[in-house]
Amino acid sequence: MSLQGDLYERRLIWRHRMGQGFEWLCRLATIGALAFLLILLGSILIKAFTPGRGKGVAAVSMPASGPHDGVGDDLSYLVSNISGGQFEEKDRPGIKQNLFTRTDVQQGKIVFNHDGRRVAPLFDLTIDSKFSADKASQSWKKVGPGREPEGVAIPSVHPPKPANPWGWLTWRLLTHGNSDDPIDSGIMPGLWGSLWLVGLTTLMAVPLGVGAAVYLEEYSKPTLMTKFIQLNISNLAGVPSIVYGILGFTVFSRMFGIFDKEKTYVEIGGILGLKTIEISLPLGPVVLAGACTLTLLSLPVVIITSQEALRSIPASLRHAAYALGASRWQTIWHQVLPAALPGILTGVILSLSRAIGEAAPLAVIGVAAQISWAPGEITGVGDLVQHPEKLIKAPFDRFTALPIQIYSWVNDAAPNFEHVAAAGILVLLITLLSLNGAAIFIRQRFQRKNHW
Amino acid sequence: MKIQGDLKQRKTVMALEKRFTQFVESPTVSGTGEATDATVPRGLPKIETRTMSFFYGTKQALHDINLQIQDRSVTALIGPSGCGKSTYLRSLNRMNDIIEGTRVTGEVLLDGEDIYASEVDVVSLRKRVGMVFQKSTPFPKSIFDNIAFGPRIAGLTKKTELQHIVERCLKQAAIWNEVKDRLKESAMALSGGQQQRLCIARALATNPEVLLMDEPASALDPASTARIEDLIFELKQNYTIVIVTHNMQQAARISEKTAFFCMGRLVEIGRTKQIFTNPIQKETEDYITGRFG
Amino acid sequence: MSESQQEQLTGNASPKPRAQAASSLRRRFSWVRAREQLIQGVLFGCSLLSIVTTLSIIYVLVSESLIAIPPHTAFFQEISFSEFFTSTKWLPQHDEAHYGILPLLCGTLLITGISALIGLPMGLLIAIYLSEYASPSSRKWVKPALEILAGVPTVVYGYFALRILSPLIISPVFHDWLGFSVMGKNALAGGIVVGLMIIPMVASLSEDVMRSVPNSLRESGYALGSTKFDVSTKIVVPAALSGIFAAFLLALSRSIGETMAVSIASAGLANLTLNPLDQIQTMTSFIVDVMGGEVVSGSTLEKSLYAVALVLFTITMGMNLISQWVLSRYREVYQ
Ligand SMILES: Nc1ncnc2c1ncn2[C@@H]1O[C@H](COP(=O)(O)OP(=O)(O)OP(=O)(O)O)[C@@H](O)[C@H]1O
Ligand SMILES: [Mg+2]
């Protein structure tokens with residue numbers, strides 16, 4: 001019987017060791033996940049604040065002494081197949097200069113114009129025949145600073161000044177649209193596009209979602225129908241976002257292809273005393289189509305979290321209101337909803353901030369990164385005062401969004417775009433954070449009013 | 001945490017404990033602890049608490065409890081609700097360690113050894129001092145796995161040995177005949193009374209010396225209660241039993257000694273007969289005659 | 001019902017004879033009741049929207065891929081089922097187009113497999129830590145951090161995989177050190193970040209089910225001489241097993257449906273390969289890649305998107321349904 005005695009005690013020591021090992025394993029997994037979060041955010045910060053590879057004119061110089069020093073005739077260089085820019089004469093900028101002498105370089109007449117693709121250029125080099133022992137021209141393939149051939153001094157090209165030495169999260173980034181040049185690229189259209197999306201999505205998702213939650217929690221009886229609706233909602237919460245994208249593309253953007261034959265226009269706005277605006281059908285990838293898609297996407301989570309918030313309200317509150325003669329809706333509107341508001345808000349913010357970060361459904365409905373204006377071409381407050389109709393035009397305007405612009409930059413292999421993408425990600429994260437912060441603030445304001 | 005802190009000390013303690021268990025166990029142990037008779041002098045209490053106080057955070061739940069519990073006897077703890085019976089019982093196998101912020105002062109001795117000493121291993125302590133709870137708590141596993149749980153975690157893996165233990169414990173707990181054909185079925189499918197006896201059998205499977213029972217029959221019908229009482233009567237041949245009960249008749253029927261607790265204090269302890277017929281303290285009398293509060 | 005309740009309440013409150021009071025009240029309250037009815041109808045409409053959404057997803061996917069309204073043809077009327085499910089080539093944009101979904105399924109499987117290897121064990125360990133070991137104060141830190149991790153947009157994960165993980169870790173280890181050939185976009189990078197992405201989900205869902213295991217079970221375990229390790233792994237985890245299984249299924253369904261991170265980190269050619277260092281194409285990344293460009297409306301290519309989406313929807317919906325079912329069974333046991 002090994003339940004007692006020596007064997008048991010020895011096993012016990014081992015069991016404690018194993019238990020401690022396991023606890024450490026669990027702890028390690030947790031620390032690992034948190035460390036990953038830090039690494040993720042840290043690497044993005046680093047990328048966003050790393051100076052980029054610069055371009056433009058940089059000086060060229062000769063080493064102070066080299067193998068051909070003291071030779072009477074001047075050494076001349078013929079370069080070809082340059083990658084990373086071109087040699088130019090200082091006085092004639094923009095014109096390629098492939099043949100020059102050592103004296104030219106020493107006198108500072110030759111400069112190098114970096115194109116931003118490489119820190120140090122690479123080129124094929126040929127040197128005049130009279131400088132080699134056997135009087136044959138010598139040439140080398142793919143030489144350059146750091147890859148000098150033996151026995152010959154080559155002109156050394158200075159690296160360009162780094163681009164954006166203070167990082168890429170600049171005012172320029174926030175005020176410019178997309179561009180081929182990373183240094184000129186900006187996220188303004190995406191930022192405004194995303195803000196419009198959040199606004200419209202909130203306007204649609206909150207009433208619909210809270211309404212559905214109120215129905216399911218306060219009105220419905222546990223019939224087969226309600227059970228089915230409930231099951232359906234939890235399943236919708238797990239449908240991949242890209243499927244919502246396909247739905248949005250077909251229903252809101254392409255509109256089942258009904259209007260494909262000839263463009264249809266609808267005029268609105270005249271009644272409000274504003275300039276009439278024309279809206280073409282099908283809508284295409286406009287703000288409203290995006291917002292409708294994101295609404296459908298975020299509704300299940302909004303409903304589920306609102307239901308949880310409503311469920312946590314004590315029944316006594318409802319009974320007290322009924323006892324005062326309030327109708328069911330009055331009870332809900334004046335008592336239950338205000339009490340549940342903090343919880344509902346949390347859920348709404350949670351699902352909306354997930355929706356803003358979603359690129360897949362927007363990409364599928366056809367939102368492109370190249371749009372360089374804010375929705376409705378609104379340029380500022382003054383512009384809005386002069387042209388208030390732009391506010392109505394904006395939801396029907398084509399647009400781009402933060403994650404879409406980031407997606408296109410991430411995929412752009414040209415140098416420096418990785419830094420722009422990192423800076424764009426920072427803008428996205430800051431937007432998410434400030435929305436969450438606002439939500440927490442509002443929640444606490446409301447929470448202070450309820451005491452029980 | 002205690003379990004963590006004392007790994008270093010454990011080796012030395014292991015040696016000590018080993019000596020102790022060898023001392024306690026005869027080579028022919030059948031697991032029922034008969035050997036203790038020979039080695040532990042008669043009259044030495046199995047469990048003794050000396051000026052023990054217990055705190056939940058800052059709230060003191062027990063005040064200076066001095067109590068001796070004899071080997072192979074049934075001791076009943078009675079008292080009004082909230083007086084600290086469960087707390088006392090749970091501190092006898094350091095079950096309260098699980099609750100954050102609890103604290104014990106004074107001494108709790110098991111066979112003369114302080115169980116709250118820093119070098120004591122709670123796991124082996126709890127194996128020696130088993131516990132049965134008020135609510136039956138079968139694990140959501142088969143009946144067999146429920147009983148075999150304790151031996152298995154202690155390191156027993158041999159199928160035949162496990163079968164042997166399961167059969168012995170189920171027989172001891174007087175439930176063998178009811179479940180012998182469905183050992184592989186889920187324990188959750190048993191009736192409440194059966195589940196409680198299963199839990200007793202499960203507690204017996206680790207071969208404890210002491211069995212703590214916290215109102216084991218309070219949720220059961222009279223028939224099941226009677227069976228459990230019979231069972232306790234059987235078990236006291238081999239185990240030291242401490243039982244909390246609200247049922248005076250039950251205490252009177254099964255226990256040799258009864259301790260009356262009130263407001264976290266031990267008011268009176270004595271032979272059950274004496275406590276129920278001729279209590280010394282006024283409070284005890286009031287409680288027993290139902291004039292309490 | 002509210003009406004009867006109301007009548008009772010108002011009736012009781014009224015000192016007048018009951019019938020008279022009720023009738024006068026009824027007349028005065030009639031428009032209120034109409035409003036109540038209207039509101040209830042509107043709210044019911046809101047909750048019906050979820051059903052409408054599901055139905056329209058199914059309609060849109062089915063009408064483009066399975067059965068179309070006559071002048072149009074659906075995808076499977078142009079491409080046979082047998083080609084779709086057995087051909088090993090997925091070359092929809094090729095002159096000689098092939099529509100065999102196996103490479104896409106294979107890519108999805110690869111990503112899901114890698115992510116499962118990372119996300120499920122880590123998530124489960126974190127859940128065990130949070131529910132069994134963590135002190136309240138450390139839980140207070142860990143849970144919000146996990147929520148932040150869950151809230152990071154997926155393009156960010158993709159960026160990390162493409163710009164940090166692949167060039168700085170995977171390539172040095174597998175290419176420079178072990179000598180394999182590694183693609184710039186590879187399934188491993190995508191799988192790893194998707195695995196990290198599902199950790200918060202696995203952890204929080206599993207923690208929920210583990211915390212709902214009653215404490216009395218833990219106490220009984222301790223009373224039998226268990227260490228904390230025994231209680232965690234031999235009582236709590238087995239008792240919560242079906243709930244954990246449901247959490248795993250939901251997480252896997254999430255990694256099957258994950259789009260952006262995979263599209264950025266791993267997606268390229270639709271290779272039929274199980275080599276994690278190769279580039280792959282998943283169902284989701286195929287859809288965004290094609291939609292990112294111009295698609296001719298009504299072309300087979302466009303319809304193939306719907307067919308792929310239908311397969312994706314069916315798989316994830318099936319997994320979700322199973323896990324919902326398991327979870328509801330689990331709740332019945334413990335609540
Ligand atoms: N976990 C806890 N934290 C704080 N206080 C506790 C805790 N458990 C019990 N107490 C308090 O300790 C005192 C004794 O409780 P205990 O459970 O021991 O009473 P009891 O005698 O078993 O009562 P009952 O007969 O109702 O089971 C009570 O006042 C109770 O409120
Ligand atoms: Mg008690």
Side-chain angles (χ1 to χ4, degrees), chain A residues 15-16 18-19 22-23 25-27 29-30 32-34 36-37 40 43 47 208 211-212 214-216 219 229 231-236 238-243 246-247 250-251 257 260 296 322-323 325 327-329 353-354 357 359-360 363-364 366 403 406-407 410-411 418 421 425 428 432, chain C residues 2 5-6 9-10 32 36 39-40 42-44 46-47 49-51 53-54 56-57 60 122 125-126 128-129 133 142 145-146 148-149 151 153 155-156 158-160 162-164 196 199 227-229 250 253 257 259-260 264 284 287-288 291-292 297 305-306 309 312-313 316-317 320-321 324:
Chain A
R15 278 166 63 199
H16 279 302
M18 182 139 141
F22 182 73
E23 183 175 352
L25 193 67
C26 292
R27 202 165 273 167
T30 313
L34 301 188
F36 167 70
L37 178 63
L40 181 72
S43 63
K47 283 274 181 188
L208 288 173
V214 166
Y215 179 79
L216 290 174
Y219 287 91
I229 293 179
L231 179 71
N232 185 45
I233 289 172
S234 12
N235 272 314
L236 278 180
V239 169
S241 59
I242 196 154
V243 173
I246 294 263
L247 179 69
T250 318
V251 178
D260 271 356
L296 293 185
Y322 287 139
S327 72
R328 179 172 282 218
W329 174 248
S353 46
R354 181 141 316 158
V364 171
I406 294 168
Y407 178 54
V410 173
N411 276 333
E418 55 177 316
I425 287 173
L428 176 60
L432 288 181
Chain C
S2 71
Q5 240 173 16
Q6 251 173 50
L9 287 169
T10 46
V32 171
E36 291 275 314
I39 288 172
Q40 181 165 355
V42 169
L43 295 179
F44 181 62
C46 290
S47 65
L49 185 62
S50 73
I51 303 241
T53 309
T54 311
S56 41
I57 289 177
V60 163
M122 271 189 78
L125 287 177
I126 293 174
I128 294 177
Y129 174 73
Y133 289 103
V142 173
L146 285 179
I148 295 178
L149 198 58
V155 279
V156 182
Y159 178 85
F160 180 79
L162 183 68
R163 298 289 182 180
I164 313 279
L196 293 166
I199 284 178
T227 60
K228 200 153 195 176
F229 170 72
L250 280 181
S253 139
T259 311
M260 275 343 221
I264 293 170
T284 50
I287 296 174
V288 266
M291 293 306 267
S297 177
L305 296 175
Y306 289 88
L312 178 68
F313 178 72
T316 51
M317 194 74 167
N320 291 348
L321 278 173
Q324 295 295 339

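Letters A, B, ... are given to chains in the order of the sequence lines, protein chains preceding strands, and every chain is numbered from 1.
Salt-bridge formation is detected for the pair A:Lys47/A:Glu418: a Lys NZ or Arg NE/NH1/NH2 atom is positioned less than 4.0 Å from an Asp or Glu carboxylate oxygen.
With a threshold of 4.5 angstrom between heavy atoms, A:Leu40 approaches chain C through its backbone and through its side chain. Only the side chain of C:Leu162 comes within contact range of chain A, judged by heavy atoms closer than 4.5 Å. For C:Ser56, the parts lying under 4.5 angstrom from a heavy atom of chain A are both the backbone and the side chain. Only the side chain of A:Val243 comes within less than 4.5 Å of a heavy atom of chain C; its backbone N, CA, C and O stay farther away. Proximity to chain C (any heavy atom under 4.5 Å) is shown, for A:Leu25, by both the backbone and the side chain. C:Leu149 touches chain A through backbone and side chain together, each having a heavy atom under 4.5 Å away. For C:Ile164, the part lying under 4.5 angstrom from a heavy atom of chain A is the side chain only. In this structure, chain A has a heavy atom under 4.5 Å from the side chain of C:Val60, while its backbone stays farther away. Interface remark: A:Leu37 contributes backbone and side-chain atoms alike to the contact with chain C (heavy atom separation under 4.5 Å). Both the backbone and the side chain of A:Ser234 come within less than 4.5 Å of a heavy atom of chain C. With a 4.5 angstrom heavy-atom cutoff, C:Ile264 touches chain A via backbone and side-chain atoms both. Heavy atoms of A:Leu208 lying under 4.5 Å from chain C belong to its backbone as well as its side chain.
Heavy atoms only, all atoms of each residue included: C:Ser50 and A:Leu236 are closest at O-CD1, 3.4 Å. The minimum heavy-atom distance linking A:Ile242 with C:Leu312 is given by the pair CG2-CD2, 3.6 Å. The minimum heavy-atom distance between C:Thr284 and C:Gly257, with the atom names listed, is CG2-O, 3.5 Å. The minimum heavy-atom distance linking A:Val410 with C:Arg163 is given by the pair O-NH2, 3.2 Å. The two residues C:Asn320 and C:Ser253 come nearest to each other via the heavy atoms OD1-OG, 3.1 Å.
The residue among A:Ser353, A:Ala363, A:Pro240, A:Ser241 with the most heavy atom pairs within less than 4.5 Å of chain C is A:Pro240. Of the listed residues (C:Tyr159, C:Phe160, C:Phe229), the greatest number of heavy-atom pairs within a distance under 4.5 Å of chain A belongs to C:Tyr159. Ranked by non-hydrogen atom pairs under 4.5 Å with chain C, the options A:Gly19, A:Ala29, A:Ser43 are led by A:Ala29.
Atom CG of A:Leu231 is separated from atom CD1 of A:Ile233 by 9.5 Å, given to the nearest 0.5 angstrom.
Considering only heavy atoms from C-beta on, A:Asn235 comes within 4.5 Å of C:Leu321 through its side chain. Between C:Thr259 and C:Ile287 there is no side-chain heavy-atom pair separated by less than 4.5 Å.
Side chains of C:Ser47 and A:Tyr219: a donor-acceptor N/O pair is absent below 3.5 angstrom, by distance only.
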